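This chain uses plain numbering: 1 for the first residue, then up along the sequence. In listed order, ligands and their atoms are each counted from 1. All values derive from a computational prediction rather than experimental measurement.
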Amino acid sequence: METKLTAQQRYNVRSTFGLMEAPETAEIPGLAPGLTGVPPCDNTYVFDAERMRQLTMFWVGGFKALLIEGDPAAGKTSLIEQWHARLNVPLYKVPCSPTTESFRLIGQLLPTEDGKLAWKDGPVLKACREGTSVLLDEYNTLDPGEATALNMLLEGYSWTIPETGETILPAKTTRFFATQNAVDSKAAVAGRNIQDVANDDRFSYMEVDYLKPELEEALVLRHLLAGKVDKAVAEQISRICVKVANNVRVAFRQDAPGVDKPLSTRVVLRWAKYTVMYQSVMKAQNRSGLHYAIRQAVRMSAAMAGAVNEQITAVAGYDEDMNS
Ligand SMILES: Nc1ncnc2c1ncn2[C@@H]1O[C@H](COP(=O)(O)OP(=O)(O)OP(=O)(O)O)[C@@H](O)[C@H]1O
Ligand SMILES: [Mg+2]
């Protein structure tokens, strides 16, 4: 069913995105609450000022398509999702894969109960009609030939459905977002394609890096405090986990031996939570919960586990057996 758009509504940047450095009166246009397809709000989400500025310029500048690139779990998908959640704009998220065919995105003829065929809009066409947004997740896993089928719509041109003859003119507020891990990222992710130049050319571009340390720390802290962890303990764990993660990211980028991938925000969050859970059990055995928990939080090669262990010891000030 087509989402009927309610009235436009303007949202104050400071109060809506928790961004205190924004000018007091700055506003971003969104929609009145209550539409289906709006992602749920994650109240622990932290908005970074620079990412917000870039996204705002894209949004208010009347641009149509934005490609977001960054390392695994840097925060690409969640940024777009939480942006829409706060502005109450429906977002149709489509996971792309090498076997995703363009008709799954655009639409197709499907059999009806009475044995006839009827056209059914895919998420891309649905957003074009409604003026809502589509997120094509892991876009560069899509076959370049299939991606090319989207070119006209990405640019806002009218488009005729060959099967029905109906012509669709994308609504002005329709926006396309594509997220992907860079093909040339050091955290090489298998199975990524390079889309053809014509397709690439239609997208504005934004790079998303891991959060700044103070923001990532605030995020981990919020998660721990939400789990009723003692404040002093939560602060200490957040500080150590984020510091270690950033040291490991630097080591990874500098090709340090054994460090074959960065520690993502996703892993840091899991690590901090496991640390809280294991800490007292491990302490009773005179062992470090921090060192133990990282191995439950993520699979690492033996060499990487060794390198990360050393980083934890250096930052925490004690080793696996609690020796300082
Ligand atoms: N700014 C942030 N505030 C709160 N949580 C964040 C933030 N950035 C990332 N996260 C958390 O980190 C995890 C990974 O984020 P997300 O899924 O957006 O990454 P991604 O870049 O899309 O990853 P992938 O490349 O694996 O698709 C999520 O659990 C998300 O909630
Ligand atoms: Mg993602």
Checklist entry - Would you say Gln180 contacts ligand 1, with heavy atoms under 4.0 Å as the rule? => result no
Next on the checklist: Any atom of ligand 1 sitting under 4.0 Å from a heavy atom of Leu211?
Outcome noted: yes
Item to check | Of the listed options Val46, Leu79, Thr77, closest to atom 3 (N) of ligand 1 (non-hydrogen atoms) | outcome: Val46
Checklist entry - Are any of the N/O atoms in Ser78 less than 3.5 Å from those in ligand 1? => result yes
Item to check | Arg86 side chain reached by Tyr11 side chain, heavy atoms, under 4.5 Å | outcome: no
Item to check | Side chains of Thr141 and Ser97, donor plus acceptor under 3.5 Å | outcome: no
Item to check | Polar proximity ligand 1 side, Thr44 side, N/O cut 3.5 Å exclusive | outcome: no
Checklist entry - Quick check: are there more than 12 heavy atoms from other residues, nucleotides or ligands sitting under 6.0 Å from CD of Gln9? => result yes
Checklist entry - Is Tyr210 isolated, or which residues cluster with it under the ILVMFWY side-chain rule of less than 4.5 Å, directly or via members? => result none
Checklist outcome for this item: Grouping ILVMFWY residues whenever side-chain heavy atoms fall under 4.5 Å, the cluster of Leu110 otherwise contains none
Checklist entry - In terms of atom number and element, which parts of ligand 1 are under 4.0 angstrom from non-hydrogen atoms of Leu219? => result 3 (N), 4 (C), 5 (N), 6 (C)
Next on the checklist: Using heavy atoms and a 4.0 Å limit, tell me yes or no: is Gly70 in contact with ligand 1?
Outcome noted: no
Checklist entry - Are the aromatic rings of Phe58 and Phe177 close, with centres under 6.0 Å apart? => result yes
Next on the checklist: Need the ligand 1 atom indices (1-based, order shown) with element for anything under 4.0 Å from a heavy-atom of Asn181.
Outcome noted: 25 (O)
Next on the checklist: When you compare the side chain of Arg129 with that of Asp121, does any pair of heavy atoms fall below 4.5 Å?
Outcome noted: yes
Checklist entry - Within less than 2.8 Å of the Mg ion (ligand 2), any N, O or S from Ser78? => result no
Next on the checklist: Any nitrogen or oxygen of Glu138 lying under 3.5 Å from a nitrogen or oxygen in ligand 1? Just yes or no.
Outcome noted: yes
